[in-house]
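Written out below as structure tokens is the structure these notes cover.
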2 protein chains.
Amino acid sequence: MSEEEQKRAEDCSAALRNSSLRVTKQRVAVLQAVDTHPHADTETVIRAVREDLPEVSHQAVYDSLHALTEVGLVRCIQPSGSLARYERRVGDNHHHLVCRSCNLIVDVDCTIGRAPCLTPSHDHGFIVEQAEVTFWGLCSDCAVDTPEQERERSESSSAA
Amino acid sequence: MSEEEQKRAEDCSAALRNSSLRVTKQRVAVLQAVDTHPHADTETVIRAVREDLPEVSHQAVYDSLHALTEVGLVRCIQPSGSLARYERRVGDNHHHLVCRSCNLIVDVDCTIGRAPCLTPSHDHGFIVEQAEVTFWGLCSDCAVDTPEQERERSESSSAA
DNA sequence: ACCGTTTCCTTGACTGATTCAAAACAAGCC
DNA sequence: GGCTTGTTTTGAATCAGTCAAGGAAACGGT
């Protein structure tokens, strides 16, 4: 393990301890995997974790992701039609840009801060805690494709 | 069938025809069910359709919902942790308020029109087609509960 | 450093929404 | 009315995610 990796592992351990979670190598590996693979789905996280710990069970990864989500160290997002995806960036009110064709997700900062449209005009008696914004469109790679190529790409990506 | 129901059925038939879809009683019933049960999940739609057509297969409902979504007659939304839900209101840029406790969904109009925050500051080369806003919070019923009651309600609703 | 308690991980089976495939059927056009 | 094509039924399969029980590891105290 390189010096840098070592440091990252220690950061993750500290984060777990600060959240009153037991520090296990499985959880550290899951947190690192989410950190290095932003917006990864569960299977990607499992594969990433298994590069360090080849024998982890998928259940351990599911449990870790839930525990980390529970204490707010990671955030789970599920754009329509996608599997659950996890990210380490939390608490900074950023939003997501999702490609309809290849399912690529990128972060967008909310530069306007407390934007006016994020307070619903009629809250129907709701206590609103959070506004989640998802922008749908085509990423630059998919935008240059012909419609046929887009369709193929979409089919192969949704099959994967 | 009452005169009013008759009229609704004809409206739905016309909508199907206008979208170049074959008019089958299953599709008409599915479209009506989505119209009368806003934000219903698939199982609710199936139950509603079976009040008129007791023998519909669930597959027919899934196929119809997909076909209707494809041509834009209905819209599919999937807030994190929810099953797929469908609604008839399309193309009017409205958004949703979701209760974290009981999963109630209500519509909110975007009164500000083309709101400034709905254009991402850095679009990363994306062609952005649509912004989807989901407000998370507690509905008025759940807000008056104690935390314990909320937890129970959430457990029973997520089990349902 | 060791022990005990508590929490976590592994294993393996299971659930439930959604999808697949093939044959029976119905809508729309002639 | 009959033909063609697209839709529905039927029944099974898939697959992300969950449940449960026993073994194992982490933390706090000795």
Side-chain angles (χ1 to χ4, degrees), chain A residues 9 12-31 33 40-47 49-50 52-71 73 76-86 103 154-155 158-160, chain B residues 9 12-31 40-47 49-50 52-71 73 76-86 103 154-155 157-160:
Chain A
C12 290
S13 304
L16 286 168
R17 236 185 308 273
N18 289 339
S19 301
S20 313
L21 287 181
R22 286 207 177 166
V23 179
T24 66
K25 47 187 184 312
Q26 291 87 345
R27 285 176 175 174
V28 172
V30 168
L31 189 48
D41 61 19
T42 311
E43 207 201 304
T44 305
V45 174
I46 292 176
R47 275 207 301 272
V49 169
R50 284 189 176 154
D52 286 332
L53 303 171
E55 301 303 323
V56 248
S57 63
H58 71 155
Q59 189 63 53
V61 175
Y62 276 102
D63 285 349
S64 300
L65 286 171
H66 288 166
L68 293 170
T69 304
E70 189 89 14
V71 300
L73 284 178
C76 176
I77 58 173
Q78 284 183 270
S80 290
S82 279
L83 301 179
R85 288 159 178 273
Y86 294 87
N103 286 326
S154 148
E155 277 161 10
S158 62
Chain B
C12 290
S13 304
L16 287 167
R17 237 186 307 274
N18 290 338
S19 300
S20 314
L21 287 181
R22 285 201 181 170
V23 180
T24 65
K25 48 186 184 312
Q26 291 87 345
R27 285 178 174 172
V28 172
V30 167
L31 189 49
D41 60 18
T42 311
E43 206 202 305
T44 305
V45 174
I46 291 175
R47 275 206 300 271
V49 169
R50 284 188 176 154
D52 285 333
L53 303 170
E55 301 303 323
V56 246
S57 64
H58 70 154
Q59 189 62 54
V61 176
Y62 275 102
D63 285 349
S64 299
L65 287 171
H66 288 167
L68 294 170
T69 304
E70 189 90 14
V71 300
L73 283 178
C76 175
I77 57 173
Q78 282 182 272
S80 290
S82 278
L83 302 178
R85 289 158 177 273
Y86 295 87
N103 286 326
S154 147
E155 278 161 9
S157 76
S158 61

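Per chain, numbering begins at 1; letters A, B, ... match sequence-line order.
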Separation of atom [atom1] in [X] from atom [atom2] in [N], rounded to whole Å:
X        : N       : atom1 : atom2 : answer
Asp52(B) : dT8(D)  : CG    : P     : 15 Å
Arg17(A) : dT7(C)  : CZ    : P     : 18 Å
Ile46(B) : dT9(D)  : CD1   : C1'   : 14 Å
Tyr62(B) : dT10(D) : OH    : C1'   : 16 Å
Asp41(B) : dT18(C) : CG    : C1'   : 13 Å
Leu31(B) : dT7(D)  : CG    : P     : 15 Å
Gln59(B) : dA22(C) : CD    : P     : 14 Å
Tyr86(B) : dA17(C) : OH    : P     : 13 Å

Review point. Is there a side-chain contact between Leu83(A) and Thr42(A), using heavy atoms and a 4.5 Å cut-off?
Key: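 They are not in contact (no side-chain heavy atoms under 4.5 Å apart), so the answer is no.
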Which part of the nucleic acid does [X] contact within heavy-atom distance under 4.0 Å: base, sugar-phosphate only, or nothing?
X        : result
Ser57(A) : base
Ala84(B) : sugar-phosphate
Gln26(A) : sugar-phosphate

Among [options], which nucleotide has an atom closest to any side-chain atom of [X]?
X        : options                   : value
Arg27(B) : dG17(D), dT8(D), dG11(D)  : dT8(D)
Ala60(B) : dC19(D), dT9(D), dC9(C)   : dT9(D)
Thr24(A) : dC9(C), dC19(D), dG17(D)  : dC9(C)
His58(A) : dA26(D), dA21(C), dA13(C) : dA13(C)
His66(B) : dT19(C), dC9(C), dG28(C)  : dT19(C)

Check your understanding: Do you know the tightest heavy-atom contact between Leu53(A) and Ala29(A)?
Key ->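 Closest approach of Leu53(A) to Ala29(A): CD1-CB, 3.8 Å.
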**Study point:** Along DNA chain D (nearest heavy atom to each residue), the more 5'-positioned of Arg22(B) and Val56(B)
**Key:**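 Upstream on the strand: Arg22(B).
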Exercise for review: Return no unless some side-chain N or O of Ser64(A) is found under 4.0 Å from OP1 or OP2 of dC8(C).
Suggested key: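 The answer is no; no side-chain N or O of Ser64(A) sits under 4.0 Å from OP1 or OP2.
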Review point. Is a donor on one side and an acceptor on the other found under 3.5 Å between the side chain of Gln78(B) and the backbone of Gly81(A)?
Key: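 Yes, because the side chain of Gln78(B) sits within donor-acceptor range (under 3.5 Å) of the backbone of Gly81(A).
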**Study point:** Under 3.5 Å: donor-acceptor pair, side chain of Arg50(B), backbone of Val56(B)
**Key:**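 Judged by distance alone, yes, a pair lies under 3.5 Å.
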Point to revise | Nearest-nucleotide comparison on DNA chain C, the residue closer to the 5′ end among Gln78(B) and Val23(B) | key: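 The 5'-side residue here is Gln78(B).
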Check your understanding: Of the options Val71(B), Leu21(B), Thr24(B), which is the one that meets Leu16(B) in a side chain to side chain contact (heavy atoms under 4.5 Å, CB included)?
Key ->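 Among Val71(B), Leu21(B), Thr24(B), the one that satisfies the side chain to side chain contact (heavy atoms under 4.5 Å, CB included) with Leu16(B) is Leu21(B).
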